[in-house]
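One structure below.
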Amino acid sequence: MAATWKPARQQLLFFVLFFLLPGGVFLCSEITVDSPVILGTTVTASCTIWRHRCPVRLDSDFQILWKLDEEFLEGVQYKPGRGAESSNITIGPLNRTLTNLGCYVQRNKTFQMMNLAQIRAGNPPPQPRNLSCVMNLTTSDLTCHWDLGQDSLPSGSRISLKGFRCWSDCSARLAQIAVCHPPAARNTCTIPRAHLLLYQNMIFQVVVENDHGVTESEPLCADPMNLVKLDPPVIQTIHPIPEETSCVTVEWAAVGGDLYKQACDLRYRMEEDQEWVLLHNITSLFEKTQQCGFRLGIRYLFQMRCQKLPLGYWSDWSPTKDFVTPEKAPSGELDTWWKVKAKEDGNSLEVQLLWKPMNSNETNGKILGYQATLGTSHHPRNLPVLCNTTEMHCNFSLAPGSRRINLMAYNTQGLSPPTGVFLFEKEGQPVSKLQAHPQDKNSFQVSWNPPELPTKGYIIEWRRSWSSLDQPGNDSISWTKVPNGNIGQVLIQENIEPYQRYNISIYPLYWGSVGRAQYVEAYTLQKAPDEAPKFQTGNISKLTAELHWDPIPAARQNGFITNYTIFWTGPNAEMSRAVVNSSLNKFTITGLRPSRLYRVHIMASTVAGSTNGTTLTLYTKALDDTDILIVYTLVGLLLGMVIALVICFQKRKSALPNKPSARTTSLTSCLSHVTHRMKTQFWPSVPDPANSSLGKWAPAILQEEVPQAPKACELSPTILSAILVIEADEKKCLACGKSEPTAKALEDGPTASLLPYAHKASSPRPASYMNSPEPIQYATVVGDSYRSQEEGSFSLYMRSNSSQPLLSDLVPSPKPYENLCFHGDQGYGKCGFQEDANFLDGVLFDFPMLQGLKVCGDEDLTHLRKV
């Protein structure tokens, strides 16, 4: 039993020693790693294990493995001797700054760590660049500057500035004689005068080192005296040369000028300019120089700097000194433009004169103002002054016929030569095809075709569309003059803003006249309007609503309005819309319903966007009593027609066999029947008497008679088919002024017989009537001429187109041989033809178609007198 536990006790002792002894198994193993380790490169490591030093019993053969972080790797294992086992491995490239590398032994399929190393990888410091050193003669110290190559150095980096002796040709370093350690994160360091060797070359170099390497800057080899930087000179005086008004003399004092030979630079500029004019390498023992070409009356700024010769750094620029050159009267002319408008009284002209500033090379000083006089070619300065102003425009009145103005600029030394302005009529030939295209958001490229006539230039004028051209002193008007008449385009940039509409016009300038203007409107950029129009309601009815609106102000359109879109929503929340042309400002909504609430709004659109307006609520009118009555009537008529169709269809269906074709025929017949009934009810057929049977009937006696040939002086005979002669009582005489009975007779219709020859007897006859489906014409002849003033019996003639049957007393048709005069209950003797002679004369005169009438039974009537 004791023998069994003995190996176990030994193993337990080895484990206790492994964990309790200082170093443990690390006493019998060693790991070595190459250094420094650079990120992105490979590294070689070696692990050595000594068997006799290990507290753990090792077999004669075992395998050494590597563990890189969590990955096991195999190396190259070999035996260096003396009971040692070694393994080498190359890992990488390493991309992490910290990596764990362990050495393991494999025993009985288990892994025992023998040693562990941490590999810290990194980068060497960056190389310093642009090393420069400057020696200050005042302090005799050498200060050097360099660039680190990056914003910050890796932690643990150390910087030093070193100076070495060297051969005269800087071919080799000798002893180090100076070193300077700058403060942390600084890229400058100063070496004192005591550590410098003057008038001989030295090598200066910046060294940066850390745990991963050492870097050095490029060496700087120079004599410290050649690295001198002088202090800036001081400009003492600047004054003009009396003989040359455009020349000045500059005097200065240089620091160390009596010790070192120096070269200096002079620079100057006008106060309003940004560019300097440089005069290089001025070497003067007297420390002064003369320069010419300065403009008169201009403030200039001067600066100087100096350099030690033969080598050295340029000093800083001296403080600025200003100087104003002397003035003289302006020498240039002005570019002018004008606008002329006749006053309402017609006795004078309102003139707006505009001009551009004079060329700065010709002002010869500061312009104090401008003066305009009534122009003549002689002695312009003695004429009355129209205006005197410091602005670029002025307004004044002229008498009609005044066409020339002199404009002059002046300064402290006098007036400029007069610029003649001629107020020509703008009636010349205009340009063609004027176009304006945006170049960017603040400029237009304006192009045109020149006119056929030669021109000496153009005036381009532009303004915002809502500004007034005629407003005096309107600063919103911008213009420019193109002096070349052959140019067909120009770029305008002054006072141009995006989202604003500009009116651009061009005037060609001829010798002795000005052409008519051409206009174009344009935007550089467009966007949605700032606002939409506001609705105003017009006439609102039951079915329509009239809307109108004012156009959006041009200043708030932000572009050309392409269209308006009107939206309206009814009670059912269904939205409708209509697109309206931008030139319109009213719209009528149709198809609305009475007594309904609608919400309406308008949207204004440009090519770059749209803007909605506020919502307007409107209420359509309700139906009145008349509308309701009409609706009910139409509904009733429609319902009645439907009921009639249904009843008719049912009757026809019952009368016809139960077949599809019969049903179709029944429905068609029913519709035809209903249509015919409605037509006869609302549009009755009026008979045509000319086509009746009575109109075509004639007695046999008339058919047998042959009319006599008329005399040469008589009218041709006329054959009549029927004549009705009626005698009237004296009480019913029309000539007596009593028209009531006759009117009643006319209203009630004819009472005579339908027969061709009839006589109304004084005694009543049995009433009889006859209905005829055809229209019948009939006529009534009433005796006695209207010319006769005698009281007595008379006759009437009446014609009727009525289609109603004759309801008066009817007499059977007479025989062809019978004479009506002898068939009455009251005899007439001889029919009273002698008595009616006057009647016949009047009737034949009024009715020519009765001429040539022959009546059977009386010889006297066969010779009726023709008229």
Side-chain angles (χ1 to χ4, degrees), residues 134-138 225-335 356-369 408-417:
V134 176
M135 184 175 180
N136 191 320
L137 287 180
T138 304
M225 291 303 297
N226 292 334
L227 302 177
V228 170
K229 181 177 181 181
L230 301 175
D231 291 333
V234 176
I235 299 177
Q236 294 181 335
T237 60
I238 303 175
H239 55 85
I241 299 175
E243 295 80 10
E244 298 290 341
T245 55
S246 63
C247 298
V248 296
T249 299
V250 181
E251 298 180 0
W252 71 93
V255 177
D258 54 345
L259 299 177
Y260 312 105
K261 186 178 180 180
Q262 301 179 7
C264 298
D265 289 347
L266 173 67
R267 70 178 184 179
Y268 62 89
R269 64 179 176 87
M270 290 185 290
E271 187 177 24
E272 62 274 11
D273 290 345
Q274 300 297 325
E275 296 293 332
W276 292 88
V277 178
L278 179 63
L279 302 176
H280 192 53
N281 284 336
I282 300 174
T283 57
S284 174
L285 298 177
F286 302 101
E287 297 182 343
K288 67 178 180 180
T289 183
Q290 293 181 356
Q291 298 296 330
C292 296
F294 295 93
R295 289 167 46 189
L296 301 179
I298 302 297
R299 181 180 297 275
Y300 284 90
L301 304 179
F302 291 83
Q303 286 183 335
M304 291 193 71
R305 67 177 182 179
C306 294
Q307 175 192 31
K308 176 183 172 295
L309 294 179
L311 295 174
Y313 291 103
W314 285 100
S315 67
D316 294 332
W317 288 103
S318 66
T320 301
K321 188 174 182 63
D322 61 337
F323 174 74
V324 179
T325 56
E327 295 185 356
K328 71 176 183 178
S331 59
E333 293 189 351
L334 300 166
D335 288 336
K356 292 292 184 180
M358 185 178 292
N359 190 328
S360 58
N361 294 328
E362 300 171 339
T363 57
N364 298 333
K366 181 179 181 182
I367 298 297
L368 301 179
M408 296 164 286
Y410 60 88
N411 58 15
T412 57
Q413 300 300 314
L415 292 168
S416 68

Quick one, [X] and [Y] - any side-chain contact, counting heavy atoms below 4.5 Å?
X    : Y    : result
C247 : P240 : no
F302 : D322 : no
K229 : D316 : yes
K328 : L296 : yes
Q303 : T320 : yes
D265 : W317 : yes
M225 : M135 : yes
P330 : I367 : yes

Requested in this report: List the steps, then state whether side chain to side chain donor-acceptor pair (under 3.5 Å) holds for R295 with S360.
Outcome: CA-CA 9 Å; R295 289 167 46 189; S360 58; 3.0 Å; yes

Grab the two heavy atoms, one from [X] and one from [Y], that are nearest each other, plus how far apart they are.
X    : Y    : result
E251 : K288 : CG-CB, 3.5 Å
S331 : N364 : OG-ND2, 3.4 Å
L266 : M304 : CD1-CG, 3.5 Å
A263 : T283 : CB-CG2, 3.8 Å
A409 : M358 : CB-CE, 3.8 Å
W276 : L301 : CZ3-O, 3.5 Å

Report task. Step through the shown structure and confirm whether more than 12 heavy atoms of other residues, nucleotides or ligands are within 6.0 Å of NZ on K356. Result -> yes

Query raised in the report: Can you tell me if CD on E275 sees more than 12 non-hydrogen neighbours from other groups inside 6.0 Å?
Result: no

**Report entry** Test log, rule side chain to side chain contact (heavy atoms under 4.5 Å, CB included), inputs W252 and E287
**Finding:** CA-CA 6 Å; W252 71 93; E287 297 182 343; 3.9 Å; yes

Query - Ring geometry between Y268 and Y300 (parallel below 30°, tilted from 30 to 60°, perpendicular above 60°) - result: perpendicular

Requested in this report: Test side chain to side chain donor-acceptor pair (under 3.5 Å) on E327 and T412 and set out the steps.
Outcome: CA-CA 8 Å; E327 295 185 356; T412 57; 2.5 Å; yes

Query - side chain to side chain contact (heavy atoms under 4.5 Å, CB included) assessment of V248 paired with I241 - result: CA-CA 5 Å; V248 296; I241 299 175; 5.9 Å; no

Query raised in the report: What is the distance from atom OH of Y313 to atom CG of N136, rounded to the nearest 0.5 Å?
Result: 13.0 Å

Query raised in the report: Hey, what do you get for CD1 (I298) to CG (N361), rounding to the nearest 0.5 Å?
Result: 9.0 Å

Report task. Go through the steps to decide whether I235 and S318 satisfy the test side chain to side chain contact (heavy atoms under 4.5 Å, CB included), and finish with yes or no. Result -> CA-CA 7 Å; I235 299 177; S318 66; 3.9 Å; yes

Report task. I would like to know whether K366 and N411 meet side chain to side chain contact (heavy atoms under 4.5 Å, CB included); could you show each step before the answer? Result -> CA-CA 6 Å; K366 181 179 181 182; N411 58 15; 5.8 Å; no

